[in-house]
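Within every chain, numbering begins at 1; the chains are lettered A, B, ... in the order of the sequence lines, protein sequences first and strands thereafter. Only this structure's heavy atoms are used, side chains among them; waters, hydrogens and symmetry mates stay out. The structure displayed is predicted, hence computed values, not measured ones.
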Protein chains: 2
Amino acid sequence: MSKEPSIASYIESLFPSFEPELKRVLIENGTLKTFDAGEMLMQTGQNMRSTILIVEGLVKLYREGDEGNEFFMYYLQPGNACALSMICATRQETSQVMAKAVEPTKGLMIPISLMDTLMKEYKTWYYFVLETYRNRFEELLTVIDNISFKSMDERLEFYLAKQYRDLNTRKLQITHSEIANDLNSSREVISRLLKKMEQRGELSLHRNYISYLK
Amino acid sequence: MSKEPSIASYIESLFPSFEPELKRVLIENGTLKTFDAGEMLMQTGQNMRSTILIVEGLVKLYREGDEGNEFFMYYLQPGNACALSMICATRQETSQVMAKAVEPTKGLMIPISLMDTLMKEYKTWYYFVLETYRNRFEELLTVIDNISFKSMDERLEFYLAKQYRDLNTRKLQITHSEIANDLNSSREVISRLLKKMEQRGELSLHRNYISYLK
DNA sequence: CAATGAAGGTGACTTAGGTCACCTTAAAAA
DNA sequence: TTTTTAAGGTGACCTAAGTCACCTTCATTG
C-alpha cells in the first residue's frame with residue numbers, strides 16, 4: 001500500500017506561516033477528503049459544514065446562470081482556502097457558487113465549529129482568512145472589469161494568459177467549446193478569435209490543445 | 001449652535017449587536033469625519049489608514065475603467081462598513097475601487113492599528129466583519145450575474161428596483177445619462193429602454209426624475 | 001477496417017446595443 | 001425677457017457577437 005502524505009506534512013509545506021499551536025489544532029481536528037476529477041466540492045444551495053483547505057489538485061469556481069450556463073471565476077490551488085466555504089460555514093448559510101475538482105483533489109476539512117476559536121486564538125489564522133477574502137474579492141473585481149469594460153477578444157487573451165499562469169504550462173489542454181463555456185460565449189466566436197490570434201503569432205492551434213506563445 | 005449626535009448614540013442605534021465593551025472601545029478610539037456630497041472617501045490607489053463605519057448619509061461604490069468610465073457596484077448606508085477599507089486597512093494596501101459620498105455623509109473612522117485587537121477580543125466585531133464581507137461578496141456575485149447573463153433591459157429593471165429599494169423612494173431623482181454611466185451603457189440606449197418600460201406601464205418619465213411604479 | 005462521435009472550420013444571417021447627428025423642451029442664468 | 005445649458009427624443013447607421021446550417025478532420029471503438 002502506497003503511503004500518502006500526512007496532514008502534518010501538508011500543513012508544514014503549504015501553510016508554513018501558521019503558528020505551531022494552530023498547526024497542532026488543525027492536525028488534530030482536520031480530516032482529509034478526496035475528490036475525483038469532475039466531482040463537486042460545493043453546489044448552489046448546499047449547506048456548508050466545514051471549511052476547506054486545498055492540499056492537492058485543482059478546483060474550479062464558477063457561477064451558474066439560470067439556463068445552466070456556467071461562468072468561470074477562478075481556480076483554487078494547494079495552499080488556498082475556499083473563501084466561500086469560510087463565510088458560509090461561519091454563517092451556516094448556503095452558497096450560490098459551484099466548486100468543481102478539475103483534477104483529483106484533496107482537501108483538509110475543518111469543522112465549522114472550530115472557526116470561532118481559531119479566529120480568536122490564532123492571529124496567523126485570522127490573517128490567513130482576511131488574506132483569502134481580499135484575494136478573492138480582488139479576483140471578482142477583475143472579473144467585473146473584464147466583462148464590463150472589455151470586448152471578447154481582450155477577454156479571451158486575458159483568459160488564456162490566466163490559464164497559462166495558473167496551470168503553469170504553455171500547452172493548454174482545453175477545447176474551444178470549454179473556453180466558450182467559461183466566458184459565456186459560443187464556440188464559433190471563440191474559434192474565430194483564436195484563429196486571429198494565431199495569425200498574429202500569439203499562439204498555435206492544435207486538436208485538443210493550444211500552444212500559448214506569449 | 002445645533003447639537004449633533006454623539007459617537008455613543010450613533011453606535012447605540014446603528015450597531016446595537018456590538019457587545020458593551022466593544023462599544024466602549026469604539027467610542028474611545030473612533031473619530032467622526034464629515035464628507036460633502038460628491039467627496040471621495042476612497043480612491044483608486046489610495047492607502048487606507050482607517051476602517052470606516054458609515055453613520056449618516058449614503059456612499060456609492062464603483063469600479064473605474066481605463067477610460068474613466070464608471071461602473072456602479074453598490075451603496076453603503078448607515079450601519080454598513082466599507083469592506084474594502086477593512087481589508088486594505090488590515091493589509092495596508094491600496095484599493096482599486098472608488099467610494100463617493102452621494103449625500104452629505106458621516107463616517108466613524110477606526111484606526112487600523114485597532115483592527116487586530118478588535119478581531120481577537122470581540123466576537124461581535126469579528127462576526128460583523130465576516131458579515132460585511134459576505135454581503136459585499138454576494139453583491140459582487142449578483143453584479144457578475146447581471147452583466148454576464150442578462151441583457152440591458154433586464155439589467156435596467158434590476159437597477160431601478162435596486163435604486164427604489166436602497167433609496168427607499170418611488171421618485172428616483174436620476175438622469176438618463178447617470179443611469180447609462182452606472183451601467184456602462186449610453187444615454188440613447190437607456191432612454192429608449194426606459195420609454196419601452198413606460199409604455200408597459202412600469203414607470204412614468206419626467207424631466208430629472210422617474211416615478212417607479214412596480 | 002468501417003463507423004461513430006467529438007473537435008473544429010466557415011459562410012450567411014440576425015440582433016442588441018453602441019454611435020452620430022440633430023432636434024425639442026424645460027429650467028436657470030443673465 | 002432673452003439666452004444659455006442640460007435633459008431628453010429620434011432616425012440612420014454600424015459593429016461585435018450570437019445563431020444556424022453544414023462541412024471536414026481526427027481519434028476511438030466495436
*Do you see a donor-acceptor pair shorter than 3.5 Å between the side chains of B:Tyr164 and B:Arg170?*
yes

Report, one pair per line, the protein and nucleotides 2-4 of chain C atoms (nitrogen or oxygen only) whose separation is under 3.5 Å.
none

_Under 3.5 Å: donor-acceptor pair, side chain of A:Thr105, backbone of A:Glu103_ = yes

*asked:* Could you tell me if the side chain of A:Phe71 sits less than 4.5 Å from the side chain of B:Asp145, heavy atoms only?
replied: no

*asked:* Do A:Glu188 and A:Ser191 pair up side chain to side chain, a donor and an acceptor below 3.5 Å, judged on atom types alone?
replied: no

_B:Ser151 side chain to B:Glu154 side chain, donor-acceptor N/O pair below 3.5 angstrom_ = yes

*asked:* Once rounded to the nearest 0.5 Å, what's the spacing between atom CD1 of A:Ile144 and atom CG of A:Asn146?
replied: 10.5 Å

*Is there a residue in residues 197-214 of chain B whose heavy atoms reach under 4.0 Å of DNA chain D, and which residues are they?*
B:His206, B:Arg207, B:Asn208

*Mark up nucleotides 14-21 of chain D, 5' to 3', with B wherever a protein heavy atom is under 4.0 angstrom from a base atom, S wherever such an atom reaches only the sugar-phosphate, and - elsewhere.*
---SBBBB

_For the residue pair A:Glu202 / A:Tyr212, report whether a side-chain donor-acceptor contact shorter than 3.5 Å exists._
no

_C:dG9 OP1/OP2 closer than 4.0 Å to side-chain N/O of A:Ser191_ = yes

*asked:* Checking B:Gln173 now: which residues fulfil side chain to side chain contact (heavy atoms under 4.5 Å, CB included) with it, not counting sequence neighbours?
replied: B:Lys171

*Of residues 171-182 of chain B, the positions that come close to DNA chain D - non-hydrogen atoms, cut-off under 4.0 Å*: B:Thr175, B:His176

_Among residues at least two apart in sequence or on other chains, which ones pass side chain to side chain contact (heavy atoms under 4.5 Å, CB included) with B:Lys60?_
B:Tyr62, B:Phe72, B:Tyr75, B:Val102, B:Asp182

*Cut-off 3.5 Å, side chains only: do B:Thr142 and B:Glu139 have a donor facing an acceptor?*
no

*Identify the residue among A:Met40, A:Met42, A:Glu70 that makes a side chain to side chain contact (heavy atoms under 4.5 Å, CB included) with A:Met98.*
A:Met40

*To the nearest 0.5 angstrom, please state how far the CG atom of B:Leu130 sits from the CZ atom of B:Arg134.*
10.5 Å

